[in-house]
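A, B, ... follow the sequence lines: proteins, then strands. Residue 1 opens every chain. Worth knowing before you read on, the calculation uses all heavy atoms, side chains too, and leaves out hydrogens, waters and symmetry mates. Because the structure is predicted, anything quoted here is derived from the model rather than measured.
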Amino acid sequence: MKKILIVMLIMSGSAFFSLKAGVDDVLSFVSKKNVEGYLKPFITSLGVGLNSGMYHSAAVPDEFSYGLKLNGMFVLMPEDQKTFKPYTPEGYTSESTATVYGGDPGYIYGEQGYISYPGGFSVDQLSLGFPQIMLGWQGTELTAKFVPVLKIGESEEEFYFYTFALKHEITRYFDKIPFDGALQVGYGKIKFSDQLDFNNLAVNLIASKDFGISTLYGGLSYQKTNVEASYNITGDPDNADPDLREAKEVNLTIEGENGFGVTAGAALRLSIFVLNADYTYNSQSVLSAGLNFEF
Amino acid sequence: MKKIKFLFVLTALLTVVITAGCDSFQDFSVNIPFAIEFVDSTYITQTFDSEVYDLGANSQYNDYKEKIKDFEFLEARYFIKATVPDTLVGTLKFTVRKNDNAGDILFYKEFPGVTVYNGKTDIFVLTQDQIKMFNDYLYAMYALSGTTKFYGEAAVTDLTNDGNLKKTTVELHLLLKAEGEL
């Protein structure tokens with residue numbers, strides 16, 4: 001059991017490692033001024049992904065409860081997040097080029113020659129899977145998903161991630177309100193050595209109404225996502241872009257484009273099993289489905 | 001309490017972060033630009049210069065060469081960087097060969113009766129056969145460990161023989177597209 005656990009954890013860390021290494025490779029010839037436009041949709045995806053599937057009801061029972069949820073989601077990429085207008089040096093005119101989710105690499109021509117931008121990975125949707133646990137008591141519920149600290153790769157880079165959210169049922173203090181209402185605040189972090197520090201703050205205002213074995217639920221959310229990242233520019237003295245002529249390490253903070261979102265969904269309870277599905281409208285919309293075991 | 005501990009272990013065990021998402025971040029595509037500069041001066045009717053460019057010395061190519069699965073010609077242009085006097089009228093001729101001056105011609109282009117001045121540029125329109133030949137050369141480069149060198153010539157002919165100094169600095173700009181797996 002312990003060995004399987006270690007293998008699975010290393011696999012999840014390695015997956016992230018390969019993703020980070022891939023993006024790092026592509027950024028070798030992207031200036032600091034353009035990396036934000038290139039990566040912003042990806043930062044947004046991590047934010048909406050971590051905040052999705054965090055609830056399927058506003059109600060939290062008074063007595064102690066716990067559960068496990070297997071949550072899968074598709075983050076859908078809007079077309080307008082597949083391109084961006086890059087910064088260009090003097091003597092060049094900016095034209096749209098691919099973001100990390102776009103297609104062919106773009107280029108422009110000017111007096112110093114061609115300036116090229118990396119292509120995207122032609123991503124229409126991102127599928128994410130996060131199991132999570134819930135612990136509830138006295139109208140308050142803790143939801144968590146996490147990976148403990150791992151050492152990944154030959155260089156033993158440190159990787160961990162977690163998201164914790166606290167939900168409190170507000171309508172328990174009021175009589176004659178025909179639905180359940182709750183406020184949920186969540187914080188998430190993905191840390192990969194000193195190169196990537198991703199933070200996500202989410203506030204969800206939730207309402208739900210039970211109809212026998214089914215529940216209709218919805219929510220308004222506000223998310224703030226940012227990542228502090230560092231990467232290396234290889235440096236090419238002959239590059240037409242002056243920002244790419246010297247080898248250097250680049251450090252920057254990129255804000256996601258998350259903001260406000262709206263969620264609508266339904267859940268079906270069968271004994272200890274709860275099936276739920278919802279749709280979140282945000283700058284990147286998310287289809288989410290979950291299988292919950294609740295005790 | 002045992003059940004809660006079990007839940008924590010199970011959650012960690014089942015955590016497979018960014019599953020299919022990671023597979024999406026494998027195939028990459030980048031453009032690799034390079035430039036060859038030609039400089040010459042004359043008091044009579046023609047300037048001429050030749051250069052050998054080694055793509056193996058291009059840091060961007062070196063960064064990706066191990067991962068390239070497909071490599072193709074995308075676009076080529078010339079750009080006049082300087083002239084003496086400010087304008088010249090003549091015929092611009094460009095030749096790009098494989099490897100060195102004895103290599104097969106990848107393309108030859110001629111622009112007759114052109115007014116040459118600082119900032120003048122034009123695109124090379126290659127035939128399908130020329131593009132195929134170029135792409136075959138690139139394929140040999142990364143897949144068969146062939147030579148990474150290009151030989152280029154630039155000439156301005158049919159200049160007026162007025163006894164004055166005539167000088168041109170012209171760059172040949174090429175753009176290649178590489179696709180591969182990270």
Legend entry - Part of A/Asp238 within contact of chain B (heavy atom distance under 4.5 Å): neither
Legend entry - Nearest heavy-atom neighbours spanning A/Gly235 and B/Ser59: O-OG, 3.4 Å
Legend entry - B/Ala76 portion near chain A, given a 4.5 angstrom heavy-atom threshold: backbone
Inset, instruction - Please determine which of B/Val30, B/Asp63, B/Asn31 meets the side-chain contact (heavy atoms from CB on, under 4.5 Å) test together with A/Phe29. - result: B/Asp63
Inset, instruction - Select, from B/Glu181, B/Glu179, B/Lys81, B/Lys177, the one with the greatest count of heavy-atom pairs under 4.5 Å involving chain A. - result: B/Lys177
Inset, instruction - Count the heavy atoms belonging to other residues, nucleotides or ligands that lie under 6.0 Å from CD of A/Gln138, then report whether that count exceeds 12. - result: yes
Legend entry - Neighbour count >12 (heavy atoms, 6.0 Å) for atom NZ, B/Lys120: yes
Legend entry - Interface moiety of A/Tyr109 toward chain B, non-hydrogen atoms closer than 4.5 Å: side chain
Legend entry - Test item: B/Leu74 and A/Tyr107 side chains (from C-beta on) under 4.5 Å apart, heavy atoms: yes
Legend entry - Considering all heavy atoms, the nearest B/His173-A/Glu111 contact: CE1-O, 4.4 Å
Inset, instruction - Select, from A/Phe293, A/Tyr117, A/Tyr114, the one with the greatest count of heavy-atom pairs under 4.5 Å involving chain B. - result: A/Tyr114
Inset, instruction - Taking atom OH of B/Tyr43 as the centre, report whether more than 12 heavy atoms of other residues, nucleotides or ligands fall under 6.0 Å from it. - result: no
Legend entry - Those residues of residues 132-140 of chain B, ordered by number, that approach chain A below 4.5 Å (heavy atom to heavy atom): none
Inset, instruction - Determine whether more than 12 heavy atoms belonging to other residues, nucleotides or ligands lie under 6.0 Å from atom NZ of A/Lys189. - result: yes
Legend entry - Nearest atoms (heavy-atom pairs only) where A/Ser116 meets B/Pro33: OG-CD, 3.9 Å
Legend entry - Portion of B/Tyr64 that has a non-hydrogen atom of chain A nearer than 4.5 angstrom: side chain
Legend entry - Reported CG-to-CG distance for the pair B/Asn58 and A/Asn239, which is rounded to 0.5 angstrom: 9.0 Å
